[in-house]
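Below is one structure, written out as structure tokens, with a few remarks after it.
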Protein chains: 2
Amino acid sequence: MPYTYEYPRPSVTVDCIIFGLDGSALKVLLIERGLEPFKGHWALPGGFVDMDENLETAAIRELEEETGVTDVFFEQLYTFGNPGRDPRGRVITVAYYALVNLSEHPVRASSDADNAEWFKLDELPPLAFDHGKVLNMAIDRLKGKVRYQPIGFELLPEKFTLSQLQSLYETILGGKVNKRNFRTKILKMGILKQLERQEDVPHRPAYLYRFDKAQYEEKMKSGFNFEINMSAK
Amino acid sequence: MPYTYEYPRPSVTVDCIIFGLDGSALKVLLIERGLEPFKGHWALPGGFVDMDENLETAAIRELEEETGVTDVFFEQLYTFGNPGRDPRGRVITVAYYALVNLSEHPVRASSDADNAEWFKLDELPPLAFDHGKVLNMAIDRLKGKVRYQPIGFELLPEKFTLSQLQSLYETILGGKVNKRNFRTKILKMGILKQLERQEDVPHRPAYLYRFDKAQYEEKMKSGFNFEINMSAK
DNA sequence: ACAAAAGTGTTGTTCCTACACCCATGA
DNA sequence: TCATGGGTGTAGGAACAACACTTTTGT
């Protein structure tokens, strides 16, 4: 049942950049393409947008199909539409990025017919299409955004230690922070709730904290601004 | 000459949010639609993307057609694609926003067949399609971005006074800044070049400054970060 | 001389930085 | 008792906030 239009139209897809924190390494989920073009290459998970489907819904659907993950941080990144970015014709793709908490969402490593795998950001294979460029933009966005909005917590388990949080920032931003100063600053913000201590660790048990979203939003109303700087060497 | 596809495809358009500073008021350029749907309503300038045209090129073309302006700050905002946002069918639009310097680019008020006009942000007419939502997102983005990136200069003439710059920030962010502290801070950043004085003003002539982009980029390499806060009441 | 806007001095406070040190736990 | 990471004290300096004041121009 063909569809006919007076003027030519592009295809529209969504692609997802899914970041996860594995220990202290930041990783991204890629799938190995089973079909041409770029058969055998690694690519960002994604697919075509249905005609009666929101863009964001489509991206959430793709994410769910590929990883089984739902209800995570999710945001539009950018739209790529250069003619020639897909050998099959004019394909415009709307990219979304997601932050998932690997320790609480056991992402199924493989799904559908495709092979899926987590890659460290510094051990990436060559990517299909312009996905290298897309991924780079996602990394830049993450680096930029994590400093001014409390989205880093999305990568951690619900309960985390200050050391984990510090390590997260050091990983994403690339740099060291002074422990004393990091703690003082983040605690003074008043957006973390202190919980119980860790148990069964072979050293002094750390306090666990939870990000207090309600408190954060409350503070935002009166001109509070979240900001993390990497200063120390 | 019809085009036929196996699956249905959406149309893709670009829309432009064009901000300009008129005196101390921030304005946006709208056009009055001459055709259905929303005939007679005000809308963002925009149009369909050609099949062999970059998205950004399309947006720049629309901007040029509507305003005659070229070579201004220009950046992708967001992509809107809810089914139902356009009564003609599935239309996905990629929105771009631009900052133009009204005092140096005498924008032609009207062009093409459409009527074009600048509106203050607090005196907006009802907008066609979901353009109200699009414009609101552009305003939020501008407010957010202007604090962390030196894009405010794009709205001013090449040579400007510190008072003009301060007034710009007060307008966009909505608030007052202490003159003394604003000056101290912005000058200490070292990204402004002092030029000659004003002439023929009925008060003490102010120094003119130019944004020194090269200097800014140089500083960026070594972890400098631009930031403007509105603190004073 | 006056109005208007440009531009400066200064002070108390808060925040940032760097470094050294102590604490609690399991092995 | 040792290794390991958790957690704190503190001092000097830089940046911020608030307010009052002086300067330079055209009329």
Side-chain angles (χ1 to χ4, degrees), chain A residues 23-24 103 147-148 156-157 159-171 173 175-210 219 222-233, chain B residues 23-24 147-148 156-157 159-171 173-210 219 222-233:
Chain A
S24 67
S103 49
R147 293 184 49 215
Y148 302 111
L156 294 176
K159 300 177 181 184
F160 52 85
T161 68
L162 292 184
S163 294
Q164 280 178 290
L165 186 61
Q166 177 176 345
S167 162
L168 166 72
Y169 277 102
E170 290 177 344
T171 300
L173 296 179
K176 290 284 175 201
V177 195
N178 180 287
K179 180 174 58 165
R180 180 57 165 128
N181 301 339
F182 180 80
R183 282 161 186 257
T184 305
K185 178 161 185 180
I186 200 102
L187 288 178
K188 197 170 310 182
M189 285 184 187
I191 56 174
L192 296 185
K193 183 142 193 284
Q194 194 182 67
L195 307 170
E196 73 279 6
R197 286 173 173 283
Q198 282 181 317
E199 280 173 21
D200 298 320
V201 286
H203 54 260
R204 176 174 177 178
Y207 280 105
L208 295 167
Y209 292 84
R210 187 206 320 275
K219 284 175 185 284
S222 31
F224 166 79
N225 77 310
F226 183 88
E227 191 187 329
I228 301 285
N229 284 316
M230 294 280 111
S231 38
K233 267 275 146 57
Chain B
S24 68
R147 294 184 48 215
Y148 302 111
L156 294 176
K159 300 177 180 183
F160 52 86
T161 69
L162 292 184
S163 294
Q164 281 178 291
L165 186 61
Q166 178 176 345
S167 161
L168 167 73
Y169 277 102
E170 290 178 343
T171 300
L173 296 179
K176 291 283 175 201
V177 196
N178 180 286
K179 181 174 58 165
R180 179 56 162 127
N181 301 339
F182 180 79
R183 281 161 186 258
T184 305
K185 178 159 183 179
I186 200 100
L187 288 178
K188 197 170 308 181
M189 285 184 187
I191 56 175
L192 295 186
K193 183 142 193 282
Q194 194 182 67
L195 307 171
E196 72 279 6
R197 286 173 173 281
Q198 282 180 317
E199 280 173 22
D200 298 320
V201 286
H203 54 260
R204 177 173 177 178
Y207 280 106
L208 294 167
Y209 292 84
R210 186 206 320 275
K219 284 176 184 284
S222 30
F224 166 79
N225 76 312
F226 182 88
E227 192 187 330
I228 301 287
N229 286 316
M230 293 280 110
S231 38
K233 264 280 145 53

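Lettering follows sequence order; numbering is per chain, from 1. Side chains included, hydrogens not; waters and symmetry mates left out as well; all remaining heavy atoms used.
A:Lys185 comes within 4.0 angstrom of sugar-phosphate atoms only, judged by non-hydrogen atoms across all strands, and of no base. Counting non-hydrogen atoms under 4.0 angstrom, A:Thr184 reaches nothing in the nucleic acid.
Side-chain to base pairing of B:Asn181 with D:dA17: one donor and one acceptor N or O lie within less than 3.5 Å of each other.
The side chain of B:Ser163 places an N or O atom within less than 4.0 Å of a non-bridging phosphate oxygen (OP1 or OP2) of C:dA6.
With DNA chain D read from its 5' end, the first of the two nearest nucleotides for A:Arg180 and A:Thr161 is the one closest to A:Thr161.
In terms of heavy atoms, A:Leu162 sits closest to A:Phe182 at O-CE2, 3.9 Å. Across all their heavy atoms, B:Val177 and B:Gln166 have their closest contact at O-NE2, 3.0 Å. Among all heavy-atom pairs drawn from A:Phe224 and A:Phe226, the shortest one is CE2-N, 3.8 Å.
Distance A:Asn229 CG to C:dT17 C1': 12 Å, rounded to the nearest Å. Rounded to an integer number of Å, the gap from CG of B:Leu162 to P of C:dG7 is 6 Å.
Between the side chains of B:Tyr148 and B:Glu227, no donor N or O sits under 3.5 Å from an acceptor N or O. The closest side-chain donor-acceptor pair between B:Thr161 and B:Arg197, if any, does not fall under 3.5 angstrom.
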Set out, line by line, the N/O atom pairs under 3.5 Å between protein and nucleotides 22-26 of chain D.
| from | atom 1 | to | atom 2 | distance (Å) |
| --- | --- | --- | --- | --- |
| D:dT23 | O2 | B:Arg204 | NH1 | 2.9 |
| D:dT24 | O2 | B:Arg204 | N | 3.0 |

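Although no hydrogens or angles enter the test, the distance criterion places a donor-acceptor pair under 3.5 Å between the side chain of A:Thr171 and the main chain of A:Ser167.
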